[in-house]
**Student:** 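Before I ask anything, here is the structure I am working with.
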Amino acid sequence: MMFFQILLEVIWILAVFGGQHWTYEGPHGQHHWSASYPECGSNAQSPINIQTDSVIFDPELPPLQPHGYEQPGTKPLELHNNGHTVQLSLPPTMYLEGLPQKYVAAQLHLHWGQKRSPRGSEHQINSQATAAELHIVHYDSDSYNSLSEAAQRPQGLAVLSILIEVGETKNPAYEHILSHLHEIRYKDQYTSVPPFNVRELLPPVLAHYFRYNGSLTTPPCYQSVLWTVFSRRAQISMDQLEKLQETLFSTEKEPSTLLVQNYRAPQPLNQRMVFASFIQAESLYTTGEMLSLGVGILAGCLCLLLAAYFIARKIRKKMSGNRKSVVFTSAQVTEA
Ligand SMILES: *[C@@H]1O[C@H](CO)[C@@H](O)[C@H](O)[C@H]1NC(C)=O
């Protein structure tokens, strides 16, 4: 009997600690999250694939205004390898306007793939993933006392999503994070980062974004996030991406496992709507493409006009020829 009780206790402890352990692949991977974290199997999950031909243009969505991003305090910021991602703590002097409530910043973190793989982002636009993705996490501080409290309430959180692609040049803003990764290679290591201009991690244009209701993209997957996914991408160099893919471990010590492919697959949209702050055609064609399109249409019209002119001329010629023969025949007839 005693033995049985101890056995139950052990099973209970294993279940609790087993529930806290999660990964992206394998027996504790994303397809099994909902066994330990039921909300991960719910119907308004993130990330999603944003299909731009089925988003709804909402002219009421204002440009997003980040405040205090240029100078996030004077104290060093804490950079942490938590085994799932690299996370930077942010002060509440950073906040967002342009959302239904005021949301203050709490932390930012990244998602990425593995070396030589083009995919690493969580959100996709028209089924296209990018190399990495930045999430800046904010919470509704007027309604809730803490991030953890807000994280369990509808629209308690607002997360900015910045899709990151590889460009030609090194991005100095991202270097403020990436240059410290070697100091926190193992899980649960911390380091300090001098405050830097966080606004520069974002794309230059903040007026064009997608908005939807979703969830945390990691367990416990609470459906508390008002998402803003920017249409424009940020760029980092290939060297910078590789540093992100090759420096961190998801484990505390040897044997070490590289911290890679920490992105969740797109989740079903179900009944949800995705809104856009801008009209799609604007982003579909660049100015150059618009210009060549215009020139093409003009040239096409000119060709049509010319063709119509020649056809008309030919018909007129033929008609006047016919008339002549008719006149001639009728003349013959009258003469006869
Ligand atoms: C999110 O959900 C709330 C509550 O149901 C709703 O009022 C709001 O319009 C939704 N926002 C979006 C972007 O779907």
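Every number for a ligand or one of its atoms is a count from 1 in the order of the listing.
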**Student:** Within a distance of under 4.0 Å, is there any protein heavy atom near atom 9 (O) of ligand 1?
**Tutor:** no
**Student:** Considering the heavy atoms of R211, write down every atom of ligand 1 situated less than 4.0 Å from one of them.
**Tutor:** 13 (C)
**Student:** For residues Q223 and Q45, is any side-chain donor paired with an opposing acceptor at under 3.5 Å?
**Tutor:** yes
**Student:** For the aromatic rings, using the six-membered ring if either is Trp, is the centroid distance between H32 and W22 under 6.0 Å?
**Tutor:** no
**Student:** Parallel, tilted or perpendicular: which fits the ring planes of Y209 and F230, with parallel below 30° and perpendicular above 60°?
**Tutor:** perpendicular
**Student:** Got the closest protein heavy atom to atom 12 (C) of ligand 1, with its distance?
**Tutor:** N213 ND2, 3.4 Å
**Student:** Any atom of ligand 1 sitting under 4.0 Å from a heavy atom of Q155?
**Tutor:** yes
**Student:** Any atoms of ligand 1 less than 4.0 Å from a non-hydrogen atom of F275? List them with their elements.
**Tutor:** 12 (C), 13 (C), 14 (O)
**Student:** Is the closest side-chain donor-acceptor distance between E133 and H111 under 3.5 Å?
**Tutor:** no
**Student:** Less than 4.5 Å apart, any side-chain heavy atom of Y222 and any of Y37?
**Tutor:** no
**Student:** Does the protein come close to atom 2 (O) of ligand 1 - that is, does one of its heavy atoms sit below 4.0 Å from that atom?
**Tutor:** yes
